**Q** 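Shown below is the structure under consideration.
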Amino acid sequence: MIGVVSTAGNLPAALTSFVGRRSEIAGIRRLLGSARLLTLTGVGGLGKTRLALEAARASKKAFADGVWLVDLTPVRDPSAVAGAAAAAIGLPQAGGRTVLEQLAGHLAGRRVLLVLDNCEHLADACAHLAQALLSAVPELRILATSRHALGILGEHLFTVPPLAQDEAVELLRDRAAAVRPGFEVTESNAAALIRLCSELDGLPLAIELAASRLRTLNVEQVAERLEDRFALLTGGSRAARPRQRTLRAAIEWSYELCTPAERLLWNRLSVFTGGFALDTVEEACTGEGIATHEVLDLLDRLVAQSVVLPTEAEGLPRYGMLETIRQYGLEQLAQSGDEERLRLRHRDFHLNLAERIAVGWCGPEQQESLARLRAEHANLLVALSSGDAQVTLALAAALRFHWCAGGFLGEGRQQLDRALTAAPEPTPARAWALGAAAWVALLQGDADVADRWLDEAGALGRLLDEPVLRAYVKSLRGISAQFQGRLEEAVALQEAAAAAHSALDEGPGIILALFHLTLLRNRLGDPHAGRPARQALAYAEAHGERWGRARALWALGYEAWVRGDREAGEVLARAALEVQQGFNDYFGAALMLELLAWTTAAGGDHAQAARLLGAVRSLCQDIGTNIRAFGRQLAKDHALCEEAVEAAVGRAAYEQALAEGGRHDTPADAIAYALDTGLELAVPVTAPCPLTQREREVAELVARGMTNRQIAATLTLSPRTVERHIENLLAKLEFGCRAQIAAWWTANQVLVP
């Protein structure tokens, strides 16, 4: 790993320029060279988070395996700290081991910088996490921010000072110029600027808030107003520390300058954690003083005053608030007596959002929907802790695609287990939550737990007359039977599930059942094994659906592999990965990369196959399983591929390639790596044709207008074999090789069918 620079990490892009603090950044970087735990301490408003992020960015080259931010702001439960760290680095939590054990295992052997931000309200839990990880992972470094030390052996402290006078003035000038173009420090305003920064004690947050007022006031007016406000606030509590009084004064003063409607929205926005979208505000924060049509204008005015910050998450436009600003709004909301009502509206909005996505899943907006849920993840966790057990069950169940296709399997397992424990009543919400919990458990390879959930879900589905749920239970039982080697039973269950889902026009269930039917029929030697996958593919394409389409392509590729057509298998595996991009789906990505590894090895590139197997291993480990847990035939093919690759390249080279591939341990990274290192699908006319010799012969006869029977007679083949070759041709045309085939056919004066 030495000398390898990784771009891994999740540091957010800076929204504003970073002013000053060069000596602090240099000092932090120097300390990180020797200190394994470095904690930045100081009062609120000193800019600890921003300083930590800038120092972390400047240190990225020293940490080959990434720099990762763990924002603990939304976390309230000390037991959830390790889970927050796992989620931040994209590690799905698996059953069987504690989250802390999984974290330590994942980080072992890696050179990583972990930034634990806003630790003060979870100091004991953060100290426990830091001590455990540092003891288990020698190459790990932790940079923490807290208002006080974590208090563990080996901790180094860095007290963040206020900005130096020249840096404070430069920050004020920079931020003022953003709201008042052309603003500069001049002889006439320099003294007032220095005075203002001095009275703000060099606190970056206070300076930023003061700068926003320079849109309409001059420097002298701001300084005067601030002085008056200090006197008013400090008169109530002489015990408060000066910098705390100063920060509160700045916030109070900014609040007082808002109109009543702006203050009302400020208060209501404080119920959101991790940011919010415009439609959320329009639905959850309106009424009783704020009309829907007023929201955009009010938000714009709060942005202009630096109370609300425009930002972006998962490619979606959003808004956020500094945590100190949000906490002040929460105080005001609580005093108004309106907090409970706003929290219920916040919860109901996110429940409705999740249910809309679940109901409309089989459509063209799957990736956008999952991106929205990822952006709302912190708010979803707040909504899941609303206190109403039945609503929590309903929300946890509605988020099933977020858990299973969006990369949050471990979080989903935890939330569903907790919700089911808290609400044992036989309600529809519990029935659906049981089904979701079983699906999560199966994806983690935990068939025994899944079977227990399915027993109860099936009974409730019959009791409550839930036909869609009953169909899903059949399909999930079929998957469990398949994973445990009971193939005939699995086929019967999936056929019944497919029929039930089709009768109900339940798209996701149709695709799920047909996908698994393809695998099962392949295993049992059924010559029509590919038919269910083609039906699933047709259904997905008719509805503009991508997630199931990727699985159907994989199933067709697997079917091609089983009957010995390596080229078609590789084409379809790559096509599946292309469609799979954008889904943070560990299970699906692992299956597709596994098939690509087999076809790559069979094509002679054993080193690349080993790297792909390494990526598969990392993805499976991250969800607490391995490829062998998903059926004996997959396990057999996996073992054969491993043996062939190791025999070809040698044990040492094989292990090295596995480790190299294993560094690509997220679906997005692994898929991008696999597709980037593969052959381009679009090639010049002079490139070789991707068809087999027999497929070329069939293509030529099809182009001459021959029927299947005529082709069979000409080539001495059975009609079924001819049909299979034509299906391969069409598959290759559809899934990635159209340009190559068209080029070859054009060069040979053969028409494209």
Side-chain angles (χ1 to χ4, degrees), residues 15 71 73-74 76 209 212 251-314 316-357 368-369 371-388 391-392 394-395 398-399 402:
L15 299 176
D71 183 8
T73 302
R76 289 293 174 266
L209 290 169
S212 70
I251 300 171
E252 185 83 33
W253 168 69
S254 186
Y255 187 81
E256 291 295 334
L257 287 175
C258 290
T259 66
E262 290 167 358
R263 292 180 209 164
L264 190 59
L265 186 57
W266 180 344
N267 297 348
R268 294 177 180 179
L269 292 176
S270 67
V271 300
F272 296 103
T273 302
F276 45 87
L278 177 60
D279 65 332
T280 316
V281 182
E282 290 175 331
E283 187 166 333
C285 296
T286 51
E288 300 188 23
I290 300 178
T292 302
H293 72 271
E294 296 176 306
V295 167
L296 183 58
D297 181 59
L298 287 172
L299 267 179
D300 185 62
R301 282 146 57 183
L302 289 176
V303 168
Q305 298 175 75
S306 298
V307 173
V308 171
L309 301 174
T311 184
E312 184 179 285
E314 299 293 335
L316 303 173
R318 291 174 67 78
Y319 299 90
M321 301 174 80
L322 296 172
E323 181 61 16
T324 308
I325 296 291
R326 192 182 78 85
Q327 289 294 335
Y328 184 85
L330 272 178
E331 290 180 12
Q332 305 305 309
L333 185 64
Q335 291 173 14
S336 73
D338 205 24
E339 183 176 7
E340 182 62 23
R341 185 181 71 86
L342 261 295
R343 290 202 178 277
L344 290 176
R345 295 192 67 181
H346 171 279
R347 179 202 69 189
D348 291 344
F349 172 84
H350 290 96
L351 173 61
N352 291 335
L353 174 67
E355 288 183 334
R356 286 199 306 270
I357 288 173
E368 293 81 359
S369 295
R372 176 65 186 273
L373 291 177
R374 287 195 297 270
E376 298 290 359
H377 187 70
N379 283 309
L380 293 169
L381 296 183
V382 171
L384 283 163
S385 60
S386 67
D388 186 314
V391 172
T392 299
L395 178 55
L399 289 171
H402 180 55

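Predicted model only: the values in this text are computed from it and were never measured. Hydrogens, waters and symmetry mates are skipped; everything else that's a heavy atom, side chains included, is used.
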**Q** Begin with the C-alpha distance, continue with both residues' side-chain angles, and end with the deciding distance and a verdict on side-chain contact (heavy atoms from CB on, under 4.5 Å) for His293 and Glu282.
**A** CA-CA 8 Å; His293 72 271; Glu282 290 175 331; over 6 Å; no
**Q** Show your reasoning for whether side-chain contact (heavy atoms from CB on, under 4.5 Å) applies to Glu355 and Asn352.
**A** CA-CA 5 Å; Glu355 288 183 334; Asn352 291 335; 4.2 Å; yes
**Q** Would you call the rings of Tyr328 and Trp266 parallel, tilted or perpendicular, taking 30° and 60° as the class edges?
**A**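 The rings of Tyr328 and Trp266 sit tilted, inter-plane angle from 30° to 60°.
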**Q** Find the distance between OG (Ser385) and CG (Leu395) and round it off to the nearest 0.5 Å.
**A**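 It is 10.0 Å, given to the nearest 0.5 Å.
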**Q** For residues Ser270 and Gly329, report the shortest heavy-atom separation together with the two atoms involved.
**A**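 Distance-wise, the nearest heavy atoms are OG-C, 3.4 Å.
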**Q** Run the numbers on Val308 and Phe276 for side-chain contact (heavy atoms from CB on, under 4.5 Å), then give the verdict.
**A** CA-CA 10 Å; Val308 171; Phe276 45 87; 4.2 Å; yes
**Q** If we count only N and O atoms by modelled type, under 3.5 Å, do the side chains of Ser386 and Asp388 hold a donor and an acceptor together?
**A**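 Ser386 vs Asp388: no donor-acceptor pair found between side chains.
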**Q** Is any side-chain heavy atom of Pro317 less than 4.5 Å from a side-chain heavy atom of Glu312?
**A**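 Sidechains of Glu312 and Pro317: no contact.
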**Q** Taking all heavy atoms of Leu269 and all of Leu299, pick out the closest pair and write down the distance.
**A**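 Distance-wise, the nearest heavy atoms are CD1-CD2, 4.0 Å.
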**Q** Consider side-chain contact (heavy atoms from CB on, under 4.5 Å). Of Val281, Asp279, Asp300, which one does Val295 pass it with?
**A**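 Output: one option passes, namely Val281.
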**Q** Mind checking the CG-CD spacing from Leu353 to Glu283? Nearest 0.5 Å is all I need.
**A**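 So the gap between those two atoms works out to 9.0 Å.
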**Q** For the backbone of Thr259 and the side chain of Glu262, can you confirm whether one donor and one acceptor N or O come within less than 3.5 Å of each other?
**A**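 Pair found, side chain donor or acceptor close to backbone of Thr259.
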**Q** Indicate the atoms forming the closest heavy-atom contact of Ala284 with Phe349, along with that distance.
**A**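 Closest approach of Ala284 to Phe349: CB-CB, 4.4 Å.
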**Q** Under a 4.5 Å cut-off applied to non-hydrogen side-chain atoms, are Val391 and Arg347 in contact?
**A**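 SC-SC contact between Val391 and Arg347 confirmed.
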**Q** Could you tell me which non-hydrogen atom of Val303 sits nearest to which non-hydrogen atom of Pro310, and how far apart they are?
**A**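 Minimum heavy-atom contact is CG1-CD, 3.7 Å.
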**Q** Kindly compute the distance separating CD (Glu294) from CZ (Arg301), expressed to the nearest 0.5 Å.
**A**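 That separation rounds to 8.5 Å.
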**Q** Using a 4.5 Å cut-off on heavy atoms from C-beta on, say whether the side chain of Arg345 contacts that of Thr286.
**A**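 Yes. Closest side-chain heavy atoms under 4.5 Å.
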**Q** What's the shortest heavy-atom distance between Glu314 and Arg374, and which atoms?
**A**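 Taking Glu314 first and Arg374 second, the nearest heavy atoms are OE1-NE, 3.0 Å.
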**Q** Would you say the side chain of Leu298 lies within less than 4.5 Å of the side chain of Leu302, judging by non-hydrogen atoms?
**A**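 When only atoms from C-beta onward are counted, Leu298 and Leu302 do not touch, as no gap falls below 4.5 Å.
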**Q** I want to check something: taking the side chain as every heavy atom from C-beta on, are Arg341 and Asp338 in contact at a cut-off of under 4.5 Å?
**A**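 Yes, close enough: below the 4.5 Å cut-off.
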**Q** Is the shortest side-chain N to carboxylate O distance from Glu376 to Arg318 below 4.0 Å?
**A**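 Yes, Glu376 and Arg318 are salt-bridged.
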**Q** Can you tell if the side chain of Arg263 reaches within under 4.5 Å of the side chain of Glu256, non-hydrogen atoms only?
**A**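 Result yes, sub-4.5 Å side-chain heavy-atom pair found.
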**Q** Let me confirm one number: the SG-NE2 distance from Cys285 to His346, rounded to the nearest 0.5 Å.
**A**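 That separation rounds to 9.0 Å.
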**Q** Do any N or O atoms from the side chain of Thr392 and from the backbone of Leu384 form a donor-acceptor pair under 3.5 angstrom?
**A**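 Side chain of Thr392 to backbone of Leu384: a pair is present.
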**Q** Is there a side-chain contact between Pro74 and Leu381, using heavy atoms and a 4.5 Å cut-off?
**A**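 Not in contact.
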**Q** In terms of the angle between their ring planes, are Phe272 and His350 parallel, tilted or perpendicular, with boundaries placed at 30° and 60°?
**A**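 Phe272 and His350: perpendicular rings.
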**Q** Closer than 3.5 angstrom, by distance alone: can the side chain of Asn267 be matched with the main-chain N or O of Leu330 as a donor-acceptor pair?
**A**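 No, Asn267 side chain to Leu330 backbone: no donor-acceptor pair under 3.5 Å.
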**Q** For a 4.5 angstrom cut-off between non-hydrogen side-chain atoms, does Thr311 reach Leu309?
**A**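 No, side chains not in contact.
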**Q** Measuring from Thr273:OG1 to Leu380:CG, what's the distance to the nearest 0.5 Å?
**A**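 Answer for the OG1-CG pair, Thr273 versus Leu380, is 11.0 Å.
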**Q** Let me confirm one number: the CZ-OG1 distance from Arg326 to Thr73, rounded to the nearest 0.5 Å.
**A**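 Going from the CZ atom of Arg326 to the OG1 atom of Thr73 covers 8.0 Å.
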**Q** Taking only Lys NZ, Arg NE, NH1 and NH2, and the carboxylate oxygens of Asp or Glu, determine whether Arg372 and Glu368 approach each other closer than 4.0 Å.
**A**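 Judged by the 4.0 Å cut-off on N to carboxylate O distance, Arg372 and Glu368 do not form a salt bridge.
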